[in-house]
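Here is the naming used below: chain letters follow the sequence lines, and residue numbers restart at 1 for every chain.
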Number of protein chains: 2
Amino acid sequence: MTSHIHCQNCSMAALCLPYQLDQDGMARLDTIIQRHKPIHKRDVLVNAGESLKCLYAVRSGSLKSYTIDDNGVEQIIDFHLPGDVIGFDALANSQHRSYTQALETAMLCEIPMSSLDELAEQMPGLRRQMWRLMSGEIYNSKQLLGTLNNRSAQQRLANFLTTLADRFKERGLSNRSFRLTMTRADIGNYLGLSVETISRILSALQAEGVIDVQNKLVNVLEPERLHELAQ
Amino acid sequence: MTSHIHCQNCSMAALCLPYQLDQDGMARLDTIIQRHKPIHKRDVLVNAGESLKCLYAVRSGSLKSYTIDDNGVEQIIDFHLPGDVIGFDALANSQHRSYTQALETAMLCEIPMSSLDELAEQMPGLRRQMWRLMSGEIYNSKQLLGTLNNRSAQQRLANFLTTLADRFKERGLSNRSFRLTMTRADIGNYLGLSVETISRILSALQAEGVIDVQNKLVNVLEPERLHELAQ
DNA sequence: CGTAATATTGAGGGGGATCAACAGACGTGG
DNA sequence: CCACGTCTGTTGATCCCCCTCAATATTACG
């Protein structure tokens, strides 16, 4: 039952807002969080331009965030996995600046911004975790710059796969065998490469025995080699 | 005299931590801030790996932040102008994750992290501004992804110049005529392009009458045209 | 003033985009 | 459950943008 899910027993707590809160703190945070029915593949959770009402924490499933530029072209800026918090880029002007869409059925925790603001005033630990999460997001996106600039298509894709594998591991899932919930086009868009290039490189990596790809399913056969290719 | 500079009379206050604080709040913030002698071109303000003691606000001058990857290659991730706060990427693990070096003589305000933490507890406005600044940094770096992916060298450079011009304008300076404090190599590194490409495109933009470049000095002759080229 | 760092310009080559054709997977409705 | 159409993925051929290498010019700085 959905109603039985609480921060106190959520397996993603260590990655999410509750990190390092005591039992009392977690309970207080839990009271302001709303949990609804799951959203489905292709459902849009957030539209760019909407005023910021809540942040969202991913409980299960995955989503993508993207902007649409002046030419109407989609640019994916993030893939969200369980434990991720969505909406930090909206705090600057209280307005969401990107779209967020489900890549598969996903369960979310809704965190009303006004309540979070209040709670952060009273709970130093929560405040620190907000800072940590936002700081981490700043770091990650800056890192990504380094990955995209001056790196070949193969390096970019290898880096994408290892980063994704690491994130799965953090979440208690296998980093050797996982499913890509996004399309090749999504990956290409994110990495600044064409669909064809993504497809070709996946085939090449498979031919070299580094990974095994069956449609959406990826098996990392030689993790250390993949890691090298990412450099 | 340096000692006469305070948040209350700093022209960058609206871009910086004091934004929207009342007189009392600004005064309290001001008491925790330390101001030292200027640092000089090529001086390194922060090393990656150092534990986070303070954030730095730029009062004058400009700096660059960069990481050094596994291959020893520098990757510039940011250029800092007056009003910018340096160090937000260090909050996640209390450790600086990038190097920061002065591009010219620069004056800085040093904000001890422990005092800032205390003050943020007591001042909701300061807390909100911390969130706003970090959120803005998240947004900007995500935007930059969109700029670098799927865009030609000319589009990237035009975008770089317009963004820089806009930032100068925010700071009360001319957005039509300004000095590049970074080298062509720095710009290329930041945008994922070679020095030669930067040089060639600057020449081309000059030949088309969009800008006039005399070494470090840039005159934007046709701002709207430059803006179009950035799309 | 001399040396090193920075910038400019040219020539050639390669990585990845684009265009095109086809194959496979998915989902929807009969 | 199968037939169909659409969406997604693969592979090949061609082209062009930008990197690389090289030479020279200009600027910055002790």
Subject >> Separation of D:dC19 P from B:Ile201 CD1 (nearest whole Å) >> reply: 8 Å

Subject >> Distance in angstrom units between A:Asn150 CG and D:dT20 P, rounded >> reply: 8 Å

Original post:
Do B:Ser65 and B:Ser98 have a side chain donor and acceptor closer than 3.5 Å?
Top reply: no

Subject >> Pair B:Asp43-B:Gln101, side-chain donor/acceptor within less than 3.5 Å >> reply: no

Do the side chains of [X] and [Y] get close enough for a salt bridge, i.e. N-O under 4.0 angstrom?
X        : Y        : value
B:Lys64  : B:Asp186 : yes
B:Arg179 : B:Glu104 : yes
A:Lys53  : A:Glu110 : no
A:Asp30  : A:Arg35  : yes

Between [X] and [Y], what is the shortest heavy-atom contact and its length?
X        : Y        : value
A:Ala57  : A:Cys16  : CB-SG, 3.8 Å
A:Phe79  : A:Arg167 : O-NH2, 2.9 Å
A:Arg156 : A:Leu193 : NH1-CD2, 4.1 Å
B:Cys7   : B:Ile33  : SG-CD1, 3.7 Å
B:Leu15  : B:Pro82  : CD1-O, 4.2 Å

Sugar-phosphate only, base, or nothing, as touched by [X] at under 4.0 Å among non-hydrogen atoms:
X        : value
A:Thr183 : sugar-phosphate
B:Leu193 : sugar-phosphate
A:Gly192 : sugar-phosphate

Original post:
Closer to the 5' end of DNA chain C via nearest nucleotide, is it B:Val213 or A:Ser194?
Top reply: B:Val213

**OP:** Please list residues of residues 63-80 of chain B whose heavy atoms come under 4.0 Å from any atom in DNA chain C, ordered by number; otherwise none.
**Re:** none

Subject >> Sugar-phosphate or base contact per nucleotide [nucleotides 21-30 of chain D; S, B, -; heavy atom under 4.0 Å] >> reply: BB----SSS-

**OP:** Look at B:Thr197 and D:dC19 and indicate whether a side-chain polar atom (N or O) is within less than 4.0 Å of OP1 or OP2.
**Re:** yes

**OP:** Find the bend of the helix from C:dC1-D:dG30 to C:dG30-D:dC1 as the angle between its two terminal axes (five pairs each), to the nearest 10°.
**Re:** 60°

Subject >> Polar side-chain atom of B:Asn149 near backbone of A:Tyr190 as donor-acceptor pair, under 3.5 Å >> reply: yes

**OP:** At the 4.0 Å heavy-atom cut-off to chain A, mark where contacts on DNA chain C begin and end, going 5' to 3'.
**Re:** C:dG16 to C:dC26

**OP:** Report, as yes or no, whether the 6.0 Å neighbourhood of atom CZ on B:Arg225 holds more than 12 heavy atoms from other residues, nucleotides or ligands.
**Re:** no

Subject >> Enclosure of A:Lys169 NZ (heavy-atom neighbours >12, cutoff 6.0 Å) >> reply: no

**OP:** Determine whether A:Lys216 and A:Thr181 make a side-chain contact, defined as any pair of heavy atoms from C-beta on separated by less than 4.5 Å.
**Re:** no

Original post:
Using a heavy-atom distance cut-off of less than 4.0 Å, which residues of residues 152-164 of chain B contact DNA chain D?
Top reply: B:Ser152, B:Ala153

Subject >> B:Phe168: partners by ring pair (Phe, Tyr, Trp, His ring centres under 6.0 Å), with sequence neighbours left out >> reply: B:Phe178

